[in-house]
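Step one of this worksheet: look at the structure below.
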Amino acid sequence: MKLYSTNRSVDEVNLKEAVFKGLPDDNGLYMPTHIPTLPDSFFENIDKLSFQEIAFEVCKALIGDDVEEAALKKITEDVLSFDAPVVSVTDNTSVLELFHGPSFAFKDFGARFMARLMAYFLEKEQKEINILVATSGDTGSAVAQGFLGMSGIRVTILYPSGKVSEIQEKQLTTLGNNITALEVNGTFDDCQRLVKEAFLDQELKTRMNLSSANSINISRLIPQSFYYFYAYAQLKKADKLPVVFATPSGNFGNLCGGLIAKRMGLPIEKFVAATNANDIVPAYLRTGKFSPRPSIKTISNAMDVGNPSNFARLMALYENDLEKIKSEIDGRTYSDEETRTAIKSIFERTGYIMDPHGAVAFLGLSDYLAESGSGAHGIFLATAHPAKFIEVVEEVIDRKIELPDALKEAFEKKKTSYPLEPNLAALKNFLLK
Ligand SMILES: *Cc1c(COP(=O)(O)O)cnc(C)c1O
């Protein structure tokens, strides 16, 4: 597999380099130089394959010999140790539940794949690395769970004290093992700044092998294509094709996973890119102008992004051709009020409980299907378990919801975190001791 930078001013790299570098030196994003098409026979038989088998075939075609076949098989099997079921919600819509992993959010797919790929490359070299990651909530717990127990990898998570939800904090601070949580006396921006400063520090560079688990890492994108294929397979089995997908979007990594699946030949009629009030991409699709701005706080807060980091990948996939993008992607945006109403009305009509992110996608999907007159079946992606947003969801549906056992257990465990003042000297002191 060869990868180029979307800014086109550095050389192509192989997968290993792209994974450990994260960002190319020209500040672009890595993209595959070639996206292969899978053979017709694969799509004809896809409904007879398991999730793990589908993922292996997709991954093998994309990655090629950068990872030995047997190791790749083991990696895809390990990553997908939980299901991603398609569940029927209304006559013409279903939900793809992406929250059955250890952190109860879809970021598990990316984080688990990245962790196993890194471990594979490190084992060959007998090297150790230190992963530093700043989090405002969801990313940290997916990364921590993804790397938990991996030998040769130490993970340090920086989170802002008092600014993540109680569940999120427990998910970050109760794992132990190779995971350490630093409770920063500051904001999320402080945490992010500290991580950036650490990567620029010469002493840390020479004394520690630092690496990032940033969400723009190509190894987090690749596995986000797998479940589009698997959802298609489930619909094919139920004889409900063709399909439209609606993806709740913030940095647009999840959507890019779907676009790659389509390039590999997966027959997808349309993508609906649904956002909350942070409507940078839907506005771009409407006006042709890309205008990043500071993010607005909403109840679907994992999508509160004012400058979507995967926009460059979106443009690269369509060679900056707005008309081409619009022919495949329909952009939609929804307020918190509309999101709350959707959660409530779907619960009352069907008993299904959506989290605020999934609800935004559901709204986009319903509106698209109604307006376009498409006879397709719609699948919206549920990116988080409703219990992760328990305060909002319980208030809207006016009843208690059950916490999954693993979240209950995390709640009962004792928090272990190390307080940190928001300056580089304090962080260095901690890392080097
Ligand atoms: C990160 C996240 C999103 C947004 O995904 P992107 O790939 O950034 O578009 C949506 N929902 C949840 C629950 C998330 O954690």
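Both counts, for ligands and for their atoms, begin at 1 and track the order of listing.
Side-chain atoms of Tyr284 and Met315, non-hydrogen and from C-beta on, do get closer than 4.5 Å to each other.
One finds a salt bridge joining Asp279 and Arg293 here, because a Lys/Arg side-chain nitrogen approaches an Asp/Glu carboxylate oxygen to under 4.0 Å. Using a 4.0 Å cut-off between charged side-chain N and carboxylate O, Arg116 and Asp78 make a salt bridge.
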> For Lys236 and Asp47, what are the C-alpha separation, side-chain angles and deciding distance, and is it a salt bridge (Lys or Arg N to Asp or Glu O under 4.0 Å)?
Replying inline: CA-CA 6 Å; Lys236 184 171 191 295; Asp47 51 329; 3.5 Å; yes

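Sorted by first and then second residue, the salt bridge (Lys or Arg N to Asp or Glu O under 4.0 Å) pairs with a member in residues 170-191 read Glu183-Lys415, Asp190-Arg193; sequence neighbours excluded.
In this structure, Arg263 is positioned above the aromatic face of Tyr318, its NZ or CZ under 6.0 Å from the six-membered ring centre and within 45° of the axis.
Around ligand 1, the residues contributing at least one heavy atom under 4.0 Å from the ligand are Phe106, Lys107, Asp138, Pro248, Ser249, Gly250, Asn251, Phe252, Gly253, Asn254, Ala302, Met303, His357, Thr383, Ala384.
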